[in-house]
There are 2 protein chains.
Amino acid sequence: MNIYVIGIGLIGGSIALDSKALYPQTKIFGIDSNEDHIKEAIALGVVDEGAVFEDVAKADFVIVSVPVDVAIVLLPKILDIIPDAAIVFDVGSTKTPICEAVVNHPKRRNFIATHPIAGTEFSGPSAAITGLFQGKTNIICEVEKTAFKLQEKALWLFNAMGMRIRYMDAKSHDKHIAYVSHLSHISSFMLGKTVINKEKDEQDIFDMAGSGFESTVRLAKSSPAMWTPIFKQNKKQVVKTLEEYIANLSKFKELLENEDYDAIYSEMESVNKIKEILNGMKK
Amino acid sequence: MNIYVIGIGLIGGSIALDSKALYPQTKIFGIDSNEDHIKEAIALGVVDEGAVFEDVAKADFVIVSVPVDVAIVLLPKILDIIPDAAIVFDVGSTKTPICEAVVNHPKRRNFIATHPIAGTEFSGPSAAITGLFQGKTNIICEVEKTAFKLQEKALWLFNAMGMRIRYMDAKSHDKHIAYVSHLSHISSFMLGKTVINKEKDEQDIFDMAGSGFESTVRLAKSSPAMWTPIFKQNKKQVVKTLEEYIANLSKFKELLENEDYDAIYSEMESVNKIKEILNGMKK
């Protein structure tokens, strides 16, 4: 079997590592616009060989793990040249524009739209790790548009990688993911910005920052090349979450200015139930 | 030697555990407004015995790890009754109101104002852990107002616990800590609120949340009883950081509404240097 991974970063590389372990006889080919990434991925054992785009004409599996603006351009071109029995999936954090990009393609049934909810704040082939997807959720959109036999092939891989499958329509995915992922990234980036701007002349102030600060700004290490197109493609939903977040922060500030400390206590107390929600996530 | 810990939660309990290991001959007494906390702390081996407030008349060391609104009331009363050779320190996240509460006390020289930058989002005696302070920063304010011999006594303990000492005036502490700690907590609480409010009827949506969301809302598990008085005592600085944070978020939203994706990319790229800053924190 031939597996082609287009974009050998954290996600693509980690899928490559798991695929190699699950299909030891398979050859994993890496395609990347950055030549150094291919060399690095081979050296790290993340992929077996480098390849070029046209090689996907020989693929059994194509995994598309590139920024979402690139994905919408590449996906129709991939479907144009793959063999009839091949299955293609993407892993992007937006699903509506990606599904729309292939909706009328004659080979739409060779594509399955997925979003594995996994990752770290690191990028590039060196960020790839075995077992990244164990116990994680993989959201699959518009599954009915994928040929049944090819669904089975992809699902076998996702299950073998240890993922839990959730089915959802693309619009619902994009709406909810804006709250539980996209907003967190902006909140983190802007928190980092606020502190850096203020403390730029006093670098040693960061000695005062503890693990709490580190936790809240962790996502501000994320790649702008990956995240700019995500915010672009999910603009409407992201703007809405930002409006609500800013309104909640403004209300908190107002309560503080008005010295309504009972209300401030209640605000925090009512959010404390996030403990149980987060514990639920781990089940 | 007799050590009295007033408030046997995460911080007080962890100091008790380290102190016991460092001074094996010492008796550690726990004082807490919650009787169950005393029982729990004894059962867990966090303290040796329970005690009442008046017992600090026999103390060599008094550690005050209570919410900051309680600290400003208790500290003068503690100084009223401790022996002349005793040293008292607090661990509060605000320093100006605490220093002001004892500024004219005849026993001001028996007090040292500290803020160990350590913690987790958990509270109560069961949250206490050995070694919590290893490699962490302890900020000491107005050290010149503490008797030299008593400074030495406290510093020996802080160093033995593995803490790095930073000296700072109380106003600078409160200004900077608003950025690197207090703002993170509000950002996290309001992020939790925004998502909970939106998704309250769809609990299973939290399946979509990954480790990124978990990281940014971790601090929303923090205790309102501890944090309300911190925000109250540092109101002016906290309001200022919130204004700047809200302005940065609003600007980001505006860039998104105007579809200025180059600017959005630059915003994120310029914050990416938080990587190096956070790595610097670990040195």
Does any backbone or side-chain atom of B:A118 lie under 4.5 Å from a heavy atom of chain A? Answer side chain, backbone, both or neither. neither
Interatomic spacing from OG in B:S250 to OH in A:Y245 - rounded to 0.5 Å: 11.5 Å
Side-chain donor or acceptor of A:Y179 paired with backbone N/O of B:I196 under 3.5 Å: no
Is any side-chain heavy atom of A:T228 less than 4.5 Å from a side-chain heavy atom of B:M268? yes
Would you indicate whether the side-chain heavy atoms of A:H173 and B:M208 approach each other to under 4.5 Å? yes
For A:A209 versus B:I117, what's the shortest heavy-atom pair and its separation? C-CG2, 4.0 Å
Main chain of B:S215, side chain of A:S215: is a donor-acceptor contact present, judged purely on distance under 3.5 Å? yes
Which atom pair, heavy atoms only, marks the closest approach of A:P224 to B:N272? CD-OD1, 3.2 Å
Got a sec, which residues hit ring-ring contact (aromatic ring centres under 6.0 Å, His included) with A:Y265, two or more places apart in sequence or on another chain? none
When you look at B:K198 and A:K240, which way does the side-chain contact (heavy atoms from CB on, under 4.5 Å) test go after all the steps? CA-CA 11 Å; B:K198 192 62 196 182; A:K240 195 161 162 285; 3.2 Å; yes
How far apart are the closest heavy atoms of B:L242 and A:L249, and which atoms are they? CD2-CD2, 3.9 Å
With sequence neighbours excluded, give me every salt bridge (charged side-chain N to carboxylate O under 4.0 Å, His left out) pair touching residues 179-195 of chain B. A:E267-B:K193
In Å, rounded to the nearest 0.5 Å, how long is the span from CD1 of A:I177 to CZ of B:F213? 10.5 Å
Would you mind telling me which of B:K275, B:E269, B:K235 has the largest number of heavy-atom pairs within less than 4.5 Å of chain A? B:K235
Once you round to the nearest 0.5 Å, how far does CD1 of B:I274 lie from CZ of A:F189? 10.5 Å
Find the one option among A:R218, A:K232, A:H185 whose heavy-atom pairs under 4.5 Å with chain B are most numerous. A:K232
Pair count under 4.5 Å, heavy atoms only, with chain B: among A:S181, A:G192, A:S187, highest is A:S187
B:S266, part contacting chain A, at a heavy-atom distance under 4.5 Å: neither
Tell me every residue that passes side-chain contact (heavy atoms from CB on, under 4.5 Å) with A:S126, counting only those two or more places apart in sequence or in another chain. A:E40, A:L44
Could you walk me through whether B:N197 and A:E244 satisfy the side-chain contact (heavy atoms from CB on, under 4.5 Å) test, starting with their C-alpha distance in whole Å, then the side-chain angles of each, then the deciding distance to 0.1 Å, before giving a yes or no? CA-CA 10 Å; B:N197 275 5; A:E244 291 167 18; over 6 Å; no
Honestly, the part of A:T120 sitting under 4.5 Å from a heavy atom of chain B is neither
For B:T241, is it the side chain, the backbone, both, or neither that has a heavy atom closer than 4.5 Å to a heavy atom of chain A? backbone
With chain B, the option among A:I264, A:V180, A:V217 that has the most non-hydrogen atom pairs under 4.5 Å is A:V180
Can you tell me how far apart CD1 (A:I246) and CD1 (B:I246) are? Round to the nearest 0.5 Å. 8.0 Å
With respect to chain B, which residue among A:I186, A:I139, A:T137, A:V238 yields the maximal number of heavy-atom pairs within a distance under 4.5 Å? A:I186
Proximity of residues 251-261 of chain A to chain B, residues having a non-hydrogen atom under 4.5 angstrom: A:K251, A:F252, A:K253, A:L256, A:E257, A:E259, A:Y261
Under a 4.5 Å heavy-atom cut-off, does chain A meet the side chain of B:A225, its backbone, both or neither? both
In terms of heavy-atom pairs under 4.5 Å with chain A, the winner among B:L191, B:D262, B:V239 is B:L191
Tightest non-hydrogen contact, residues A:S211 and B:G119, listed as OG-O, 3.7 Å
